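Each remark here refers to the structure printed beneath this line.
Note that this is a predicted model, so its numbers are computed, not measured.
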Amino acid sequence: YVSTYADFTPQATFDIKKCDLHKLEEGPPLQAVLTREEGLQYYRTMQTIRRMELKADQLYKQKIIRGFCHLYDGQEACAVGIETGINLSDHLITAYRAHGYTLTRGGTVREIMAELTGRRGGIAKGKGGSMHMYTKHFYGGNGIVGAQVPLGAGVALACKYLGNNEICVCLYGDGAANQGQIFETYNMASLWKLPCIFICENNKYGMGTSVERAAASTDYYKRGDFIPGLRLDGMDVLCVREATKFAAEHCRSGKGPILMELQTYRYHGHSMSDPGVSYRTREEIQEVRSKSDPISMLKDRMLSNNMASVEELKEIDVEVRKEIEDAAQFATTDPEPPLDDLCNHIFYNDPPMEVRGTNPWTKLKSVS
Amino acid sequence: MAATRLFLRASPVKCSLTGLTGGVHSSLGLTLLKLSPACTAKPQAQRRHAAHFTYHPEPAPSQYGPTQKMNLFQSVTSALDNTLAGDPTAVIFGEDVAFGGVFRCTVGLRDKYGKDRVFNTPLCEQGIVGFGIGAAAAGATAIAEIQFADYIYPAFDQIVNEAAKYRYRSGNMFDCGKLTIRSPWGCVGHGSIYHSQCPEAFFTHCPGIKIVVPRGPVQAKGLLLSCIADQNPCIFFEPKILYRAAVEQVPTEAYQIPLSQAEVLQEGSDLTLVAWGTQVHVLKEVAAMAQEKLGVSCELIDLRTILPWDTETVCKSVVKTGRLLISHEAPVTGGFAAEISSTVQVRVRWEIKAFYFFYVTDFKL
């Protein structure tokens, strides 16, 4: 099949939904320009995240992935949209639903899957697992709810201090939005005008608790009070991109922090031990899948504007599937980290120190 | 995995206070090592040891009335049910307790007693405990749940600075004695760093609170009811690996097991073993193995209340046997075994003719 690329529309302008604004005069633009290359790239990345998460689901059920696993499918537009609104040299930190961000921040599918299966080829050398994945300028991957937000403000302080024009994107969920340390962080970030974008990924449920039952105010974009806020459709990658660009510009110009609420949805339950249907109906999940799926939305936009062909997108699907299969194969066959690695990186120590093993006649070495 | 400290009285090695390593020149140690097939001195040959023990149910107590087969989480539900029935001021709150809790400890209670007595809180541990202190101070029997002991740290300030010191600093005018905090505790096999912790040692450094860890369903219900009745703020840690694994005949009526009383589970003459929670069952097996393979008669003590702990029972036992081994899941350094061993050493010191330390430790991941 030879595609004549000259037949396709090189770029198109799309109307995107207006954002709700809090303490802002103007919001992001109401139109977004999407080029063919960008569209294909967003499609590929979102599809990669989707298939990777579904593969992780499969591997978990086969007990090849153990422990905890929090899947991101349904929320792909958030990760991809945010990444396209910032630079790779900017910083990002999120909580435990981190597989998507690990990919967009420079991780490879192979490394991510090997980390899920706890092998030495994993992005954290097999010692972190699902919740603890990191790349350069991506600070994880954090298990304790809300704890990552003050960390993000600290990173933003470093950016401001070093004067490198970088910003920090600090993500948290609707459940974490009720943690005290979030509000402490809002205060510090605003007081010191830190270049920090706080993003609340509101997927309507904090584990099994719906937002109405957890929060006195579900207007999470207003919870920053003195921090300007935006609420937008987190299922539309273009909306997320434009809002992130707007927010990044706000921070880089020295105006201080800004808050974004992305209204999104997760198809899976909170984690693999949650079926996800005891607190919401299958009809609700089905409705979101059919009406607001981020990948379908992008696909429809591109096809209806002749920016790509069905075959081309199918080709991408096939390539993505193959990539995921290869990664899963690697993740299943790669050996576990060697026992020598067990105690490394507890402290920073030079020379290496000794650590007790499982019995007093076993000494393990800790090198860091 | 456990951390263990071992005291030996009158060891053949004269009065050498070797610090950290016993080394293979300990004859007892070598013997133990050879007997254990899974243990090898070579790290390369080491295989992963997952927490393994068999739970043996204890005989049904006869003095508390009719009993029913329950596992640990059901015995907790039963205790809470008794409390809500008998005390109109009792309230239960925490994350996800309304539908029954992530470990099903509060199943059915909301339907039975109403949504104003069993209710969810948002995701805010510091807020939960602070709120609990206030409710208790105002006269409600407040039972707060912290979803995992690993998440208790945001509430640490409230527990240590507010709850523990309220009675003292107000000259007994106020207190939050009606507060009980319950939390799943301990390793479970797949919990890793944030779903396996045993933080009791952090809290033992604080006078004014009580800390209790049960070893099974009968103990759990009795001790929990004692904590709730106790006029001091209590933290009740429930070993999560036992929630389903431990099944016993548990009395359906309310009953209490006294706090600050350790229990001697089996008598012995050669060595005192001390543990709490899940580790008690591991040491039961250790005691049986020691008897069978080494002819060593072990006295096993379940500490039950960690703070304030029963020094009398433990010291009396050490005077009898002359040797003490304490085993717990938490890290060795600063773990509660350190406190027990130093207290015993001070109290029983004149009985010990020579002492020799070595640590039998398992690496806690």
Please round to the nearest 0.5 Å and tell me the distance separating atom CE of A/Met131 and atom NE2 of B/His195. 5.0 Å

Taking all non-hydrogen atoms of both residues, which atom of A/Phe68 and which atom of B/His190 are closest, and how far apart? CE1-O, 3.6 Å

In sequence, state the C-alpha distance, the side-chain angles, and the governing distance for A/His132 and B/Tyr194, and then conclude on side-chain contact (heavy atoms from CB on, under 4.5 Å). CA-CA 11 Å; A/His132 309 288; B/Tyr194 296 134; 3.3 Å; yes

Check each atom of B/Glu95 against the heavy atoms of chain A and say whether the ones under 4.5 Å are side chain, backbone, both or neither. neither

Enclosure of A/Arg120 CZ (heavy-atom neighbours >12, cutoff 6.0 Å): yes

Does A/Phe183, at its CZ atom, have more than 12 non-hydrogen atoms belonging to other residues, nucleotides or ligands within less than 6.0 Å? yes

Are more than 12 heavy atoms, taken from residues, nucleotides or ligands other than A/Lys125, located less than 6.0 Å from that residue's NZ atom? no

Nearest-0.5 Å distance that lies between atom NE2 in A/His270 and atom CG in B/Asp96: 9.0 Å

Between B/Asn120 and A/Thr209, is any side-chain donor less than 3.5 angstrom from a side-chain acceptor? no

Between A/Gln179 and B/Leu123 (side chain of the first, backbone of the second, donor and acceptor by atom type, cut-off under 3.5 Å), is there such a pair? yes

Atom CZ of residue position B/Arg244 - does it have more than 12 heavy atoms of other residues, nucleotides or ligands inside 6.0 Å? no

Need one label for B/Val102: side chain, backbone, both or neither, based on atoms under 4.5 Å from any heavy atom in chain A. side chain

Which bit of A/Ala176 comes within less than 4.5 Å of chain B, counting heavy atoms only: side chain, backbone, both or neither? backbone

